[in-house]
Each structure stands twice: as structure tokens, then as C-alpha cells.
Amino acid sequence: MDKLKKVLSGQDTEDRGGLSEVVEATSLSSGTRIKGFIACFAAGILCSLLGTLLLWVPRKGLYLFAVFYTFGNIASLGSTVFLMGPMKQLKRMFEPTRLIATVMVLLCFALTLCSAFWWHNKGLALIFCILQSLALTWYSLSYIPFARDAVKKCFTVCLA
């Protein structure tokens, strides 16, 4: 029906771009999007839990922990791409209200891996994993209306 409306209104052109054809061909149904979200989110949680268990493996435990924990958080964060689509997700990630949170999450991802692989500092890797979790929580709260304000108010009341 939409195509008919476009043809009748003169908006349908024969010379469509290749990108629009790819987008139309790769659209997922809502059921497939939900399944993809659940699968990706579950894989992220599984990787994070596995990374936590691997922390106590002798010698390579820190590296395995940093990699699995970080990739688990990336998969959990990336699971929302199935719900929104990649371009909308990127646009929303870098909106002014969550720009700082997004930068902090990405920075913590990178610093966790750097501290494990290049700096070989276990304490720093653990600190960055904790910061990674806090930054990801703060980022996630930005999608819930007034959640950040509620958390700020709660901490203000608790500290006063």
C-alpha cells in the first residue's frame, strides 16, 4: 500500500540508491529482533559470568577475565541494536544527554583491556572492570525517564 501511495504521489523513483535496497532486504521482523536481543543479551551475561569464574585461573586468569567480562558487556550493550537498529542506536548513544556516559563506557572497555594486556596490572584491570560496570549502569539509566535524577537524589539523601 505504501508503494502505491508513493507511485501515485510521484515520490517513487526508479533510480533508488543501493543502500535503500540493502536496508529493505535486511529488515528483520519484530519476532526476530526480540530473539536476537535475547540471544545477544544472554550471551553477554554468560560471557561476563564466565569471565568472573575464570578470574581465579592461575597465570592467565586476569587476561581471560578482562576479555570475557568486557566482551560480555559489549554484547549486552550491542543487544539493543536488534531492538532499535544500528543507526538509531548510534545516534541515541551520542545524544547530548548520554554522550559523557557513552564515552566513559567505551573508555572503560579500552582501559580494561589495556591494563590486562599491555600494562599487566591486575589491580588496575579490576578497578577498570568496576568502573566499566558503573559506567554501563549509568549509561543504561539514561534510557529510563528520571532514573538518573532518582539515583542522584538517593545518593544525596544517603550522604546528607
Side-chain angles (χ1 to χ4, degrees), residues 19-20 22-23 25-160:
L19 183 61
S20 65
V22 170
V23 169
T26 59
S27 299
L28 299 175
S29 69
S30 60
T32 305
R33 288 178 182 269
I34 297 293
K35 289 175 188 173
F37 167 77
I38 291 170
C40 197
F41 191 74
I45 290 173
L46 184 67
C47 281
S48 295
L49 290 174
L50 183 61
T52 303
L53 294 175
L54 291 173
L55 181 60
W56 289 278
V57 171
R59 293 188 186 157
K60 299 292 181 185
L62 172 69
Y63 306 117
L64 294 172
F65 168 70
V67 168
F68 276 96
Y69 192 78
T70 301
F71 285 145
N73 282 339
I74 290 170
S76 295
L77 181 65
S79 66
T80 56
V81 168
F82 285 100
L83 297 178
M84 291 187 232
M87 292 310 293
K88 188 173 182 182
Q89 171 71 15
L90 285 173
K91 287 177 185 175
R92 292 191 75 188
M93 282 178 74
F94 292 100
E95 287 177 349
T97 57
R98 58 183 67 91
L99 179 64
I100 294 173
T102 300
V103 169
M104 288 302 298
V105 167
L106 297 175
L107 186 65
C108 286
F109 287 162
L111 290 175
T112 299
L113 295 174
C114 286
S115 62
F117 288 110
W118 285 286
W119 305 327
H120 303 288
N121 191 330
K122 292 180 183 183
L124 205 54
L126 289 174
I127 288 171
F128 285 130
C129 280
I130 292 168
L131 290 174
Q132 186 181 123
S133 296
L134 292 172
L136 194 56
T137 301
W138 190 252
Y139 169 80
S140 299
L141 286 174
S142 71
Y143 285 97
I144 303 169
F146 305 109
R148 285 180 169 181
D149 293 334
V151 170
K152 286 179 188 176
K153 191 170 187 171
C154 182
F155 274 105
T156 303
V157 168
C158 290
L159 295 175

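By convention here, the first residue in the shown sequence is residue 1. All heavy atoms count here, side chains included; hydrogens, waters and symmetry mates do not.
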Checklist line | Over 12 non-hydrogen atoms of neighbours within 6.0 angstrom of CZ in Phe109 | finding: yes
Notebook entry, point to check: What's the shortest heavy-atom distance between Phe37 and Thr80, and which atoms?
Noted result: CD1-N, 4.1 Å
Note to self: Does any part of the side chain of Leu124, heavy atoms only, come nearer than 4.5 Å to the side chain of Thr112, both counted from C-beta?
What the structure shows: no
Notebook entry, point to check: Does CE belonging to Met84 count more than 12 external heavy atoms closer than 6.0 Å?
Noted result: yes
Checklist line | Nearest heavy atoms of Ser76 and Ser79, plus distance in Å | finding: O-OG, 2.6 Å
Note to self: Apply side chain to side chain contact (heavy atoms under 4.5 Å, CB included) to residues Trp138 and Ile100 and explain how you reach the verdict.
What the structure shows: CA-CA 10 Å; Trp138 190 252; Ile100 294 173; over 6 Å; no
Checklist line | Heavy-atom pair of closest approach, residues Ser48 and Tyr69 | finding: OG-O, 3.7 Å
Next item on the list: Scan Ile74, Leu77, Leu131 and name whichever one has a side chain to side chain contact (heavy atoms under 4.5 Å, CB included) with Leu136.
Entry: Leu77
Next item on the list: Please work out which of the three classes, parallel, tilted or perpendicular, describes the rings of Trp119 and Phe128, given edges at 30° and 60°.
Entry: tilted
Check: Between atom SG of Cys40 and atom CD1 of Ile45, what is the distance when rounded to the nearest 0.5 Å?
Finding: 10.5 Å
Note to self: If you define the side chain from C-beta out and look only at heavy atoms, does anything of Leu54 sit under 4.5 Å from Val67?
What the structure shows: no
Check: In terms of heavy-atom contacts, does CG of Leu53 have more than 12 from other residues, nucleotides or ligands at under 6.0 Å?
Finding: yes
Next item on the list: May I ask you to decide if Phe82's main-chain N or O and Arg33's side chain share a donor-acceptor pair within less than 3.5 Å?
Entry: yes
Next item on the list: Over all heavy atoms of both residues, which pair between Arg148 and Leu141 is shortest? Give the atoms and the distance, please.
Entry: CG-CB, 4.1 Å
Check: Of the non-hydrogen atoms in Phe65 and Cys129, which two are nearest, and what is the gap between them?
Finding: CE2-SG, 3.3 Å
Item checked: For the student: nearest non-hydrogen atoms of Phe94 and Leu106, plus distance -> CZ-CD1, 4.2 Å
Notebook entry, point to check: If you round to the nearest 0.5 Å, how far is NZ of Lys91 from NZ of Lys88?
Noted result: 9.5 Å
Notebook entry, point to check: Going by the angle between their ring planes, with limits at 30° and 60°, are Tyr143 and Tyr139 parallel, tilted or perpendicular?
Noted result: perpendicular
Notebook entry, point to check: How long is the span from the CD atom in Gln132 to the CG atom in Leu107, to the nearest 0.5 Å?
Noted result: 10.5 Å
